[in-house]
Amino acid sequence: MEPLQSLRGMVDLLPSATATWQRIEATAREHFRRAGVSEIRTPLLEVTELFARGIGEATDVVGKEMYTFLDRGERSCTLRPEGTASVVRAAIQHGLLNQGPQRLWYGGPMFRYERPQAGRQRQFHQIGVELLGVADAESDAEAIAVAWDLLAELGVGGLQLELNSLGTPDDRVRYRAELVAWLEAHREQLDSDSQQRITTNPLRVLDSKNPATQALLAGAPTLADALAGESHERFARVRLALEALEIPFVLNPRLVRGLDYYSHTAFEITSNQLGAQATVCGGGRYDGLVQQLGGPATPAVGWAIGLERLVLLLSQAEAGEAAAAATPLLYVISRGELAERQALLLTCRARQAGLIAERDSSGAAFGKQFKRADRSGAPWAAVIGEREAADGVVVLKDLRGDGPEQRLAAGEALSWLVELTT
RNA sequence: GCGGGCGUCGCCAAGUGGUUAAGGCAGCGGCUUGUGGCGCCGCUAUUCGGGGGUUCGAGUCCCCUCGCUCGCCCCA
């Protein structure tokens with residue numbers, strides 16, 4: 001019989017890895033609590049139209065990466081490819097936006113049908129923050145600070161914050177026209193990829209990896225020059241706020257995020273240790289999205305961190321810590337039916353008393369059980385053989401020192417161990 | 001979706017057309033049927049991701065397929 005495998009790009013997290021994930025989640029939860037950000041949980045499945053309208057029909061995410069299917073009622077459903085659209089939908093649906101600014105975070109799996117590679121899976125996990133109903137430039141910086149500080153708290157080093165301003169939709173429309181005109185004029189000198197993008201997504205040409213194209217682009221009109229005065233001032237305020245927070249950043253005028261809903265501030269936090277998929281965190285302002293999804297005009301900023309990429313950046317020291325946390329204090333050895341029942345009882349009582357206890361269920365010779373007790377790393381072994389079982393006692397043995405074995409009633413042995421650890 | 005690399009035991013890994021597929025770790029058993037850590041001995045792949053083909057003969061060559069991986073694209 002052929003064993004079954006997980007679907008391509010769908011990854012199991014084995015016990016050796018989950019401790020790291022739990023630490024990230026716990027750290028994030030506490031970090032958000034201090035930042036006054038509350039958790040929101042939305043369904044993994046949404047009507048397809050939500051993403052088509054929210055993210056943009058022309059984007060790669062919507063155009064070719066969504067897990068979309070018809071349910072039994074013939075509705076087109078999509079496994080969420082990102083979190084923002086769902087959060088905004090939920091906020092609108094439940095009238096949250098009538099109650100003042102909403103500071104929300106979410107986490108969980110996202111789905112994108114792409115070719116897997118390092119730091120990229122078809123089911124991946126994000127943790128993200130959305131600040132809805134905040135308009136000021138300082139809030140952009142605050143959102144970035146929440147992400148930056150979280151990464152710092154987790155101990156991720158070597159990160160770079162890249163920053164750009166996309167201006168208002170008007171700015172972008174105007175710039176887009178200028179850029180397209182310029183690109184058309186230089187069409188012959190562009191690589192074929194870029195030529196195609198003139199019509200599909202002209203701003204993306206700026207990001208071309210083709211060196212000749214890059215050289216040519218030095219003479220192209222820049223988005224920064226096309227920004228209206230207000231957009232310019234706004235961006236300056238964001239930068240001043242980041243400087244005040246002492247969060248270093250580099251301006252990246254080519255940073256054009258792939259989702260349609262961004263305006264003004266766009267940023268990415270990248271690492272040079274991730275290979276091609278260098279972005280750990282990406283986000284920005286999206287003032288038009290709420291309205292576009294049928295809600296009241298609501299300014300907003302947000303970001304998402306890719307957890308798989310974050311895990312890649314965390315050191316292996318984690319694995320060691322996790323193993324240590326699972327080391328039992330007490331290893332219970334037994335042989336014989338009555339003894340095994342008493343061993344089970346002792347083990348569960350020990351756990352109820354707050355001790356990490358493990359029971360050997362092999363029924364093997366004591367020699368074997370002691371060997372396993374030793375390997376478990378437990379400092380104490382409780383031994384229950386037929387004699388102990390008959391007398392209702394246990395033998396407590398110090399596996400690390402060479403103190404004498406103690407023969408105690410089960411309850412005494414437990415309270416003795418509890419005292420030892422407090 | 002497009003290119004490149006790879007796929008031998010749970011993990012690491014030798015093997016590059018010719019009898020029985022090294023070794024290490026882990027696991028299990030024994031020396032030691034009530035006392036561990038060391039040591040010694042033994043066991044664990046009729047099979048080399050799967051399927052076809054070439055050949056007297058294939059883990060080793062070819063084709064297809066699945067998976068992983070790196071890059072492109074895109075993004076977290």
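For clarity, every value in this text was computed on a predicted model and none was experimentally measured. Hydrogens, waters and symmetry mates play no part in the numbers below; they use all other heavy atoms, side chains included. Per chain, numbering begins at 1; letters A, B, ... match sequence-line order.
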*Whole angstrom is fine here: how far is it from CG in A:Leu159 over to C1' in B:A76?*
13 Å
*What pair of heavy atoms forms the shortest contact from A:Asp287 to A:Ser263, and how long is it?*
N-OG, 3.3 Å
*Shortest side-chain distance from A:Arg335, nucleotide among B:G36, B:A76, B:U33*: B:U33
_Sugar-phosphate only, base, or nothing, as touched by A:Gly282 at under 4.0 Å among non-hydrogen atoms_ = sugar-phosphate
*asked:* Which nucleotide, if any, forms a Watson-Crick or G-U wobble pair with B:C68, using both distances under 3.5 Å?
replied: B:G5
*Using the P atom in both, what is the distance from B:U60 to B:U47, to the nearest Å?*
15 Å
*How far, in whole Å, is B:G37 from B:U32 if one measures between their C1' atoms?*
14 Å
*Identify whether any heavy atom of A:Glu386 sits under 4.0 Å from a base atom; if not, whether one sits that close to sugar-phosphate; answer base, sugar-phosphate or nothing.*
base
*Is there a Watson-Crick or G-U wobble partner for B:C48 with both distances under 3.5 Å, and which nucleotide is it?*
none
_Nearest-nucleotide pick for A:Lys397, side chain only, options being B:G30, B:G1, B:G36_ = B:G36
*Say you pick atom P in B:A45 and the same atom in B:C40; how far apart are they, in whole Å?*
23 Å
*In terms of side-chain heavy atoms of A:Arg309, which of B:C75, B:G34, B:U69 is nearest?*
B:C75
*What distance, rounded to whole Å, do you find between the two C1' atoms, one in B:U16 and one in B:A22?*
16 Å
_A:Val383 or A:Ile305, whichever maps to the more 5' nucleotide of RNA chain B_ = A:Val383
*asked:* Only pairs with both distances under 3.5 Å count, Watson-Crick or wobble alike; so what is the partner of B:G10 in this structure?
replied: B:C25
*asked:* Looking only at the side chain of A:Phe366 (C-beta and beyond, no hydrogens), which of the listed nucleotides B:G34, B:A76, B:G36 gets closest?
replied: B:G34
*Assign the ring pair A:Trp303 / A:Phe32 to parallel, tilted or perpendicular, where the plane angle (0 to 90°) is split at 30° and 60°.*
tilted
*Ignoring backbone atoms, test whether A:Arg375 places a side-chain nitrogen or oxygen under 4.0 Å from the OP1 or OP2 oxygen of B:G36.*
no
_Separation of the C1' atoms in B:G7 and B:C64, to the nearest angstrom_ = 16 Å
_Whole angstrom value for the distance that separates C1' of B:U69 from CD of A:Gln121_ = 13 Å
*Have a look at A:Ala304 and say if it touches a base, only the backbone sugar-phosphate, or nothing, with a 4.0 Å heavy-atom cut-off.*
sugar-phosphate
*When you compare B:G59 with B:U46, how far apart are their P atoms, in angstrom units rounded to a whole number?*
14 Å
*asked:* Please classify the nucleic acid contact of A:Arg112 as base, sugar-phosphate, or nothing, using heavy-atom distances under 4.0 Å.
replied: base
*Does the side chain of A:Leu203 reach to within under 4.5 Å of the side chain of A:Leu166, using non-hydrogen atoms?*
no
*asked:* Base of B:C28, side chain of A:Arg372 - is there a donor-acceptor contact under 3.5 Å?
replied: no
*asked:* Run A:Leu79 and A:Leu45 through side chain to side chain contact (heavy atoms under 4.5 Å, CB included) and show every step you take.
replied: CA-CA 5 Å; A:Leu79 245 20; A:Leu45 204 57; 3.4 Å; yes
*Once you round it to whole Å, what is the distance between P of B:A76 and CD of A:Glu82?*
8 Å
*Choose from B:U69, B:C74, B:G37 the nucleotide whose nearest atom is closest to any side-chain atom of A:Arg8.*
B:U69
*Can you tell me the distance, in whole Å, between the CD atom of A:Gln369 and the C1' atom of B:G37?*
16 Å
*Any strand: nucleotide that pairs with B:C74 via Watson-Crick or wobble, under 3.5 Å*: none
*Ignoring backbone atoms, test whether A:Gln117 places a side-chain nitrogen or oxygen under 4.0 Å from the OP1 or OP2 oxygen of B:C70.*
no
*asked:* Nearest to the side chain of A:Phe370, heavy atoms from C-beta on, is which of B:G36, B:C2, B:C73?
replied: B:G36
*Under 4.0 Å between a side-chain N or O of A:Arg400 and OP1 or OP2 of B:G37?*
no
*Expressed in angstrom and rounded to an integer, what is the separation of A:Met110 atom CE from B:A76 atom P?*
11 Å
*C1' atom, B:A13 versus B:C25: distance in rounded Å?*
11 Å
*Would you say the side chain of A:Arg115 lies within less than 4.5 Å of the side chain of A:Gln117, judging by non-hydrogen atoms?*
no
*Polar side-chain contact A:Glu405-B:U35 base: donor and acceptor under 3.5 Å*: yes
*Examine the side chains of A:Ser376 and A:Glu358 and answer whether a donor and an acceptor come within less than 3.5 Å of each other.*
no
*Indicate, with a heavy-atom threshold strictly under 4.0 Å, whether A:Gly83 touches base, sugar-phosphate, or nothing.*
nothing
*If we take the P atom in both B:C63 and B:U54, what is their distance in whole Å?*
15 Å
*Counting any heavy atom closer than 4.0 Å, what does A:Gly119 reach on the DNA or RNA strands: base, sugar-phosphate only, or nothing?*
base
*Can you name the closest pair of heavy atoms from A:Pro109 and A:Gln123 and give their distance?*
CB-NE2, 3.4 Å
*Should A:Arg387 and A:Val393 count as side-chain neighbours, where that means a heavy-atom distance under 4.5 Å?*
no
*Confirm from the modelled atom types if A:Arg120 and B:G71 form a donor-acceptor pair under 3.5 Å, side chain to base only.*
no
